Student: 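I'd like to ask some things about the structure below.
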Amino acid sequence: MPELPEVETIRKGLNQLITGAVIIDVAVFWDRMITPPFSTGKFKKALRGETIHTVERRGKYLIFLLDHWAMVSHLRMEGKYEVNHSGDPIQKHTHVIFYLADGRQLRYLDVRKFGRFTLLPIDKREEYEPFKKMGPEPVADFFKLNEFRKDLSKSSRVIKAVILDQNIVAGVGNIYADESLFQAKINPLQPANTIGPAAAKRLRDAIIDVIGRAVEAGGSTIRTYKNTLGEAGKFQVSLAVYGQTGKPCPRCGHPIEKIRVAQRGTHYCPHCQKMKKA
DNA sequence: AAAGGTGTTTATCG
DNA sequence: TCGATAAACACCTT
């Protein structure tokens, strides 16, 4: 659910609300949320007294820049942040609370407990393995067609699996993968190494365009996503295929179908997105 | 009412 | 090294 556009919207909200705030204490109610080598105890101790200077993002990861640490937070499926006052009732599925010096609390909620926190020394954050391997951000300046074409030619996997791979391009999840493939008129089952130069360009441009428009719209709210300010996204009304099973294709009117590709629910128009021979 | 679907990443298998 | 699969969880739908 939180893919790049949702994480980016959350990042902006966090920056509005908590930059400059000082963490005086941390409570962790689900220890597995804190990844090794940090124990919950070390995690809390490291954060006490640290100022939240700014929140950055790489792919679907949030990066809180503190005095001595970069706190990396991944929301996985259903992670959310709220900023509360101390008297506010604690919602179900609250797993981490950051107590701030001004009396407010930054709370992390996650129904499925899949989200993770990692602490990195502030000057070593570039060395974090997932960041080192991660593909470019899906914007024109970084996501180069030549590199993308090389990646496609090297892989026999189906194209949908490839664009979901964070090491190819960062931040694309199930929703925006389906939307991008639809916009580029490519069948999700097409093997990556059978995609020609023209189709590769369409796909690269579609990913940049779809993600960009979704960021502008504050992301998509499918079931539960809300940003830090408690607001829903607006992009769900612009979705052409995701969650539109049985509805007419906005381009040709053929009913949208749902199949399974790379173990993921996949929505596409069988008329507009025909499989092409290599 | 048990079973299956939901999506992201990492670990593990062949 | 690559690709496929399972596991980490809770809730909702069938």
Side-chain angles (χ1 to χ4, degrees), chain A residues 1-8 10-11 28-38 40 57-63 72-81 91-96 108-118 120 128-135 137-138 150-181 188-194 207 210-211 214 219-226 233 235-236 239 241-246 257-268:
Chain A
M1 307 235 161
E3 304 180 26
L4 188 154
E6 292 76 27
V7 177
E8 177 62 12
I10 290 167
R11 185 191 73 78
V28 177
F29 306 114
W30 185 256
D31 284 344
R32 260 190 289 183
M33 217 135 252
I34 314 302
T35 60
F38 278 82
T40 300
R57 180 191 56 73
R58 179 77 173 93
K60 302 173 192 172
Y61 292 80
L62 289 168
I63 309 165
V72 178
S73 165
H74 197 297
L75 309 170
R76 296 285 183 99
M77 293 288 308
E78 307 217 32
K80 287 178 202 27
Y81 280 99
Q91 312 270 2
K92 214 176 166 185
H93 311 304
T94 300
H95 304 305
V96 182
Y108 177 74
L109 299 84
D110 190 340
V111 170
R112 299 181 66 180
K113 298 179 178 166
F114 281 4
R116 292 292 178 264
F117 289 89
T118 305
L120 309 170
Y128 185 48
E129 203 58 28
F131 293 161
K132 277 204 294 191
K133 290 192 296 190
M134 194 177 295
E137 291 287 313
K150 246 182 262 172
D151 287 338
L152 295 186
S153 67
K154 279 190 298 202
S155 178
S156 60
R157 296 143 89 197
V158 297
I159 187 60
K160 171 143 178 183
V162 172
I163 61 173
L164 286 172
D165 184 340
Q166 301 300 298
N167 301 324
I168 304 291
V169 55
V172 178
N174 207 31
I175 298 171
Y176 302 113
D178 283 3
E179 292 298 313
S180 300
L181 288 167
L189 288 165
Q190 187 87 37
N193 55 14
T194 68
I207 290 170
V210 168
I211 295 271
S220 304
T221 294
I222 301 301
R223 292 185 39 222
T224 59
Y225 162 76
K226 293 245 170 70
F235 196 68
Q236 61 279 6
L239 297 175
V241 289
Y242 186 88
Q244 311 301 309
T245 314
E257 286 184 18
K258 183 174 183 185
I259 58 174
R260 262 195 121 61
V261 180
Q263 282 73 247
R264 319 296 294 281
T266 298
H267 313 72
Y268 78 116

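Since this is a predicted model, take the numbers as computed values, not measurements. Chain naming here is simple, since letters A, B, ... match the order of the sequence lines and numbering starts at 1 in each.
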Student: In whole Å, I'd like the distance from the NE2 atom of His74(A) to the P atom of dA8(C).
Tutor: 19 Å

Student: Distance check needed: dT6(B) P versus Arg264(A) CZ, whole Å only.
Tutor: 10 Å

Student: Indicate whether OP1 or OP2 belonging to dA10(C) is found under 4.0 Å from a side-chain N or O atom of Lys92(A).
Tutor: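 False: Lys92(A) side-chain N/O out of range (4.0 Å or more) of dA10(C) OP1/OP2.
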
Student: Using the P atoms only, state how far dT9(B) lies from dT1(C), rounded to an integer number of Å.
Tutor: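 Taking atom P in both dT1(C) and dT9(B), they lie 22 Å apart.
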
Student: Could I get the full list of ring-ring contact (aromatic ring centres under 6.0 Å, His included) partners for Phe29(A), not counting sequence neighbours?
Tutor: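 Phe29(A) satisfies ring-ring contact (aromatic ring centres under 6.0 Å, His included) with no other residue.
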
Student: With sequence neighbours excluded, what pairs up with Lys132(A) under the salt bridge (charged side-chain N to carboxylate O under 4.0 Å, His left out) test?
Tutor: Glu129(A)

Student: How long is the line joining CE of Met33(A) and C1' of dA10(C), in whole Å?
Tutor: 12 Å

Student: If you check every side-chain atom of Gln263(A), which of dC11(C), dT6(B), dT5(C) has the closest atom?
Tutor: dT5(C)

Student: State whether a side-chain donor-acceptor pair under 3.5 Å links Tyr61(A) with Thr118(A).
Tutor: no

Student: Is the phosphate of dT9(B) approached by Arg112(A) (side-chain N or O, under 4.0 Å from OP1 or OP2)?
Tutor: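 No.
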
Student: Who are the ring-ring contact (aromatic ring centres under 6.0 Å, His included) partners of His93(A), not counting sequence neighbours?
Tutor: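 Residues passing ring-ring contact (aromatic ring centres under 6.0 Å, His included) with His93(A): none at all.
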
Student: Looking at dC2(C), I'd like to know if its phosphate oxygens (OP1 or OP2) sit under 4.0 Å from a side-chain N or O belonging to Ser155(A).
Tutor: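 Result: no.
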
Student: To the nearest Å, give me how far apart CZ (Arg76(A)) and P (dC11(C)) are.
Tutor: 19 Å

Student: Between dT9(B) atom P and Gln166(A) atom CD, what is the distance in whole Å?
Tutor: 4 Å

Student: Please confirm whether the shortest side-chain N or O distance from Lys113(A) to OP1 or OP2 of dT8(B) is below 4.0 Å.
Tutor: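 Lys113(A) to dT8(B) OP1/OP2: no side-chain N or O under 4.0 Å.
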
Student: Side chain of Tyr242(A), heavy atoms from C-beta onward: which of dT9(B), dG3(C), dT6(B) has the nearest atom to it?
Tutor: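 Output: dT6(B).
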
Student: Measure the distance from CG on Asp165(A) to P on dG3(C) and round it to the nearest whole Å.
Tutor: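 To the nearest whole Å, that distance equals 9 Å.
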
Student: Knowing that exactly one of Arg264(A), Lys258(A), Lys160(A) qualifies, which makes a salt bridge (charged side-chain N to carboxylate O under 4.0 Å, His left out) with Asp178(A)?
Tutor: Lys160(A)

Student: Take atom NZ of Lys160(A) and atom P of dA4(C), then tell me their distance rounded to the nearest Å.
Tutor: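 One finds 14 Å between P of dA4(C) and NZ of Lys160(A), rounded.
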
Student: Which whole-number value in Å describes the distance from Leu62(A) CG to dT9(B) P?
Tutor: 12 Å

Student: Dot-bracket notation for DNA chain B is requested: 5' to 3', Watson-Crick or G-U wobble pairs only, both distances under 3.5 Å, with ( ), [ ], | and . as defined.
Tutor: .|||||.|||||||

Student: Run the salt bridge (charged side-chain N to carboxylate O under 4.0 Å, His left out) test against Asp110(A) and tell me which residues pass, sequence neighbours left out.
Tutor: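 Asp110(A) satisfies salt bridge (charged side-chain N to carboxylate O under 4.0 Å, His left out) with no residue once adjacent residues are dropped.
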
Student: Report the residues that fulfil side chain to side chain contact (heavy atoms under 4.5 Å, CB included) with Val169(A), sequence neighbours left out, ordered by chain and then residue number.
Tutor: Pro138(A), Phe143(A), Val172(A)

Student: What nucleotide among dC11(C), dT8(B), dT5(C) has an atom nearest to a side-chain atom of His93(A)?
Tutor: dC11(C)

Student: Contact class for Lys133(A) vs. all strands (heavy atom < 4.0 Å): base, sugar-phosphate, or nothing?
Tutor: nothing

